[in-house]
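Below, all heavy atoms of this structure are taken into account, side chains as well, without hydrogens, waters or symmetry copies. Chain A is the first sequence line, chain B the second, and so forth, proteins listed ahead of strands; every chain is numbered from 1. Remember, it's a predicted structure, so these values are computed and weren't measured experimentally.
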Number of protein chains: 2
Amino acid sequence: MTRRNGVILQQRIVALIHDRQLTPGEALPTEPMLMDLLGASRNSVREAIQALQALGIVEIRHGHGTFVGSASLDVLSPSLAFRVRSRTPSGIGALHDLVEVRELIEVGLIGQVAGTLSEARLAALDALVARMATDLSADRAFHALLYESFGNELVLQLIALFWNVYHDLEASLDPPEDRIADVVANHQRIVDALRGGDATEARAAMRAHFTDVKERVARAHTWAAR
Amino acid sequence: MTRRNGVILQQRIVALIHDRQLTPGEALPTEPMLMDLLGASRNSVREAIQALQALGIVEIRHGHGTFVGSASLDVLSPSLAFRVRSRTPSGIGALHDLVEVRELIEVGLIGQVAGTLSEARLAALDALVARMATDLSADRAFHALLYESFGNELVLQLIALFWNVYHDLEASLDPPEDRIADVVANHQRIVDALRGGDATEARAAMRAHFTDVKERVARAHTWAAR
DNA sequence: AGCAGGACATTGGACGTCCCACGTCCTACG
DNA sequence: CGTAGGACGTGGGACGTCCAATGTCCTGCT
């Protein structure tokens with residue numbers, strides 16, 4: 001069988017990007033040009049481009065053109081969020097799994113960076129902990145800054161992706177909870193362990209943080225109304 | 001500004017799925033119905049649906065209908081593969097990062113399952129190692145079976161996703177290499193450590209495996225021709 | 001009565017055309 | 001010289017028409 005035609009068009013456009021060695025930010029051929037290059041109608045070309053945009057492979061700018069995208073992982077958050085929601089008939093198992101993956105990655109990662117952080121970096125983490133009680137985004141920034149020195153852009157985006165999806169879904173858990181004080185304390189314990197240069201204690205602190213998160217999930221029963 | 005209209009249509013369709021509590025496999029309204037429900041033309045509706053299909057949120061069957069998808073992570077592999085390729089102007093840094101993420105996850109996970117595997121499971125892993133030399137898919141199956149007992153479907157799909165993307169890209173590395181004997185030996189060492197119930201040795205064996213993979217990547221210079 | 005085959009309705013796939021909205025850039029005017 | 005305005009090119013969106021794939025159901029043969 002010839003696979004789904006729409007998928008083939010998408011693959012041909014991706015192949016065109018590779019063949020021309022276009023890099024993120026560069027312009028793709030215009031829609032009329034693609035119609036000619038691919039021998040397809042404008043509708044078909046647009047459908048393929050829309051699909052590629054959903055995957056972050058291209059970026060469309062109205063009135064300007066279509067450009068190669070960077071495929072940042074955060075474009076995948078709708079898919080991940082949907083996946084978790086849909087696999088959660090009434091319970092919360094899929095969300096627990098998501099937190100467990102975060103735990104797995106971050107407990108492993110913090111062991112890699114423990115002992116490598118400068119005092120300036122630790123002070124910046126302290127500042128983020130202080131802001132955390134009133135600014136949720138400080139939480140995300142904390143985890144990003146923590147692992148920045150590891151030098152792996154992919155893992156940073158992965159962690160940010162999971163953070164975003166978790167907090168998006170957590171906000172609609174029923175019943176809602178606000179244990180921000182515990183969250184702040186857990187993060188402070190992590191920084192303290194890092195300042196002490198104790199990798200084992202840092203891992204334990206990170207694991208304790210996620211244990212609390214898993215318990216928060218376990219206490220929830222279902223999703224709140226949209 | 002009101003965000004991109006196409007994205008809004010996608011969100012409205014996802015909201016419709018949630019509102020009607022449709023579960024994976026159930027049918028969505030037909031395209032004419034969606035045109036009426038969303039007040040959009042068929043082209044716009046189709047573009048939105050195509051984008052959702054690219055994210056695995058819906059599944060389209062020609063002549064049958066449109067159905068809720070399961071958002072399996074493997075639909076995201078085109079995006080991940082593109083990301084790694086595009087961020088690799090001439091070097092191979094992004095692929096190294098990908099392997100490093102695999103290492104992080106699997107080294108952490110094997111510590112969780114070490115000592116919990118039955119002899120039957122270990123024998124099945126032995127059998128996969130034996131097939132590995134001639135059947136590449138045994139490698140993927142090995143990692144899947146290894147962590148199956150952990151009971152986290154998300155992490156299984158994540159590992160499969162990264163495995164697929166890595167091996168897809170590895171196949172077009174220049175120069176090509178065939179170190180299948182080393183790969184088999186590394187996997188055997190992992191099974192042996194698990195049979196001994198030694199979690200520390202199992203982690204070390206897994207880390208050694210990925211160290212070899214990272215070195216294989218480091219020896220490559222660029223992508224081969226398509 | 002049972003089953004095989006085809007006609008039919010339904011659904012998505014594709015194309016062509018038209019007009020609109022948005023950005024850019026150049027020109028002409030002050 | 002600076003700026004306002006418009007020309008141009010790009011993607012956004014809407015119809016309308018026809019094609020293709022699928023599943024169903026009815027017919028007719030055995």
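- Comparing atom distances between the N43(A) side chain and each of dG12(D), dG12(C), dC15(C) picks out dC15(C) as nearest.
- Note that the CD1 atom of I17(B) and the CG atom of L28(B) stand 4.5 Å from one another [nearest 0.5 Å].
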Quick one: do S137(A) and D135(A) satisfy side chain to side chain donor-acceptor pair (under 3.5 Å)? Show the steps, please.
-> CA-CA 5 Å; S137(A) 71; D135(A) 182 2; 2.8 Å; yes
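- Distances shorter than 4.0 Å separate some side-chain N or O of S44(B) from OP1 or OP2 on dA14(D).
- At distances below 3.5 Å, at least one donor-acceptor pair connects side-chain atoms of D178(B) with backbone N or O atoms of I180(B).
- Rounded to a whole Å, the CD atom of E47(A) is 14 Å from the C1' atom of dG12(D).
- A cation-pi contact, defined as under 6.0 Å to the ring centre and within 45° of the axis, links R61(B) to F67(B).
- Atom CD in Q53(B) sits roughly 7 Å away from atom P in dG13(C) (whole-Å rounding).
- Rounded to an integer number of Å, the gap from CD of Q50(A) to C1' of dT10(D) is 14 Å.
- Between H143(A) and F210(A), the ring planes are tilted. Angles from 30° to 60° get that label.
- No donor-acceptor contact under 3.5 angstrom links the side chains of Q112(B) and Y147(B), judged on distance only.
- For H96(B) (side chain) and I92(B) (main-chain N/O), no donor-acceptor pair under 3.5 Å exists by modelled atom type.
- Donor-acceptor pairing under 3.5 Å, judged by distance alone, is absent between the side chain of R42(B) and the base of dG13(D).
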Apply the test side chain to side chain contact (heavy atoms under 4.5 Å, CB included) to residues I190(A) and V129(A): give CA-CA distance (whole Å), side-chain angles for both, the deciding distance (0.1 Å), then the verdict.
-> CA-CA 10 Å; I190(A) 292 170; V129(A) 173; over 6 Å; no
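- In this structure, the nucleotide among dA14(C), dG13(D), dC15(D) sitting nearest to the side chain of S41(A) is dA14(C).
- Contacts of residues 26-37 of chain A with DNA chain D (heavy atom under 4.0 Å): T30(A), E31(A), P32(A).
- At least one donor-acceptor pair under 3.5 Å links the side chain of E26(A) to the backbone N or O of T23(A).
- For DNA chain C, the residues of residues 57-72 of chain B within the heavy-atom distance limit of 4.0 Å (strictly under) are I60(B), R61(B), H62(B), G63(B), H64(B), G65(B), T66(B), sorted by number.
- R46(A) places its CZ atom 15 Å from the P atom of dC15(D), with the value rounded to the nearest Å.
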